[in-house]
Structure formats: structure tokens, C-alpha cells
Participant: 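Before I ask anything, here is the structure I am working with.
In this text the structure is predicted, and so the values were computed from the model without any measurement. In this chain, residues are counted from 1 in sequence order.
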Amino acid sequence: MTIISKDTVGISRGNRIYQYIAAVTANLGIVCSEMHYGWPSPFGPILTNGTYTFSISSEENSWLTVIPLIGAIIGAFVTGQIVDIFGGKKLIIFSSLPFVVSWLMVGFAKSSVLMFIGRFLAGAADGLSFTAVPMYLGEIAEPSIRGLLACVCPVCIVLGLLLINICGAYLPLDTTAFVSTALPVLLLITFPWMPESPYFHLIKGDVEAARRSLRTFRGTEDVDFGAGQNP
């Protein structure tokens, strides 16, 4: 089944504001994820040299650095199995919760154990985000701006790494963690207002909901679904 709108056939273009907002808000989780990946750069040395409330060994620091990767593998695999059951929107919203919890664990940690758990959880949320977000944006984007929306993700990767290093240069470890919770909280507040993708509604057999979603994203009432291609 093919999604058709005026933009698809080159007649006119509607208001794309919801597509742009969805791209920015969905990628807040990507920014948060990359802040976790960049976190060992400013704060690993602080934990190993004994200037924080507790210290860790070099070996523990190495594991603390890579443990989000283990969580990401698991998170991506699980998300790939359930994304067509729950939908990209619900999973993107859900990703904000483990991101918030992971930062709070890092901020309140009095030993390395809580940090290990928090960073593993962040990795699982990262795997969720990097699976659900590109799929969702690919499903809602018009062909003419699909490349533009897709480039938001790599930009947010770099932005996340930049932000955590800036924070690390000026803020203590615990304060940085608490400040960083603002991003997933903002995701939790803003993204629920975005529609689910038309594709998800189609595979669930709800054509009318798919039309409503497409009208919102394309900013036009003139949308239809043509036969000839399975969703």
C-alpha cells in the first residue's frame, strides 16, 4: 500500500511543521544517549584520581566506559522485536524513562555499583532510541525532506558529545547528571503530542487513523493510500 499526498505527485505542499518538530523532539533521546557515551571523557579521570566522593580503579573505569554498549545491543535487539507491536511513538516516549533514571543513578551514586547499573540502563535506552527513532522518522517523512530529517540524528550525536564535554569542563559530576535529566524530561513532555506514524496504523489495519496521522504530518487534507505496495 502506497501513501499518496499532493506533495507525492508534485501538485503542492502542505505545512511540514509537525515533521520538523517530530524530528527534533524524537532526537532528544539521541542527544541524551551520546552524552552518556561522552561522559567518561571528562569524568573518568575524576573517578580514578580520587577527587570525587569515591574512587574507582582503571579497570573499573574501562568497564564503566563500555558497559553502555552491552546495554545498547540488548536494547536494540528487544526493540526490533517489539516496535511493530507497540509502535515507534510509544517506544520513543518510553525511552525517556530509563534515560532519566540512569542520570539520577549516576548523580546519586555513592559507589561504582549504582553507576554501572545506571550506565547499563542508559545503553539499553540508547539501543531503543537508535532503533525506533530512525524508523519513525523514515515512516513520517515526505520524500523531498527525508534526507534533511535523517541528518538530524548525526547532528544530535555530535551535539550530545559536545554538550557533555562542555558540562564536564564547568560542572561537578553529580550536578552534570542532574542537569542532563532535562533532556529526557523534555522528550517526555513534548513527544506525546506527535502522532503515531501512518505506517504503524496501516499494519494494524486502521486506515482512518493512518489518514489522520498523514494529514497532520503533511499539513493537507488531500491524502490517500494507493494499492500496489504492501506496508
Participant: Only one of Asn27, Leu163, Leu161 clears side-chain contact (heavy atoms from CB on, under 4.5 Å) with Cys156; which?
Facilitator: Asn27
Participant: When Tyr136 is tested against each of Tyr199, Phe200, Phe191 for ring-ring contact (aromatic ring centres under 6.0 Å, His included), which residue passes?
Facilitator: Phe191
Participant: Check whether any side-chain N or O of Gln19 sits under 3.5 Å from a backbone N or O of Glu142 as a donor-acceptor pair, and report yes or no.
Facilitator: yes
Participant: Which pair of heavy atoms, one from Gly160 and one from Met35, lies closest together, and at what distance?
Facilitator: O-CG, 3.3 Å
Participant: Carefully, step by step, assess Trp39 and Val106 under the rule side-chain contact (heavy atoms from CB on, under 4.5 Å).
Facilitator: CA-CA 11 Å; Trp39 180 89; Val106 170; 3.9 Å; yes
Participant: List the atom of Leu187, the atom of Ser96, and the distance in Å for their closest heavy-atom pair.
Facilitator: CD2-CB, 3.9 Å
Participant: Side chain of Arg119, backbone of Ile67: donor and acceptor closer than 3.5 Å?
Facilitator: no
Participant: State whether a side-chain donor-acceptor pair under 3.5 Å links Ser102 with His36.
Facilitator: yes
Participant: At their closest point, which heavy atom of Asn61 faces which heavy atom of Gly44, and how far apart are they?
Facilitator: OD1-CA, 3.4 Å
Participant: For the pair Ser129 (side chain) and Ile30 (backbone), establish whether a donor and an acceptor sit closer than 3.5 Å, ignoring hydrogens and angles.
Facilitator: no
Participant: Are the side chain of Lys89 and the backbone N or O of Pro192 linked by a donor-acceptor pair below 3.5 Å?
Facilitator: yes
Participant: Could you report the tightest heavy-atom contact between Pro134 and Thr131, atom names first, then the distance?
Facilitator: CD-O, 3.8 Å
Participant: Looking at Lys204 and Asp84, would you say the former's side chain and the latter's main chain have a donor-acceptor pair under 3.5 Å?
Facilitator: yes
Participant: Would you name the heavy atoms of Val152 and Ala23 that are closest together and state the gap between them?
Facilitator: CG1-O, 3.8 Å
Participant: Looking at Tyr18 versus Tyr20, is the centre-to-centre ring distance below 6.0 Å?
Facilitator: no
Participant: Between Thr216 and Arg212, is there a donor-acceptor pair closer than 3.5 Å when you use the side chain of the first and the backbone of the second?
Facilitator: yes
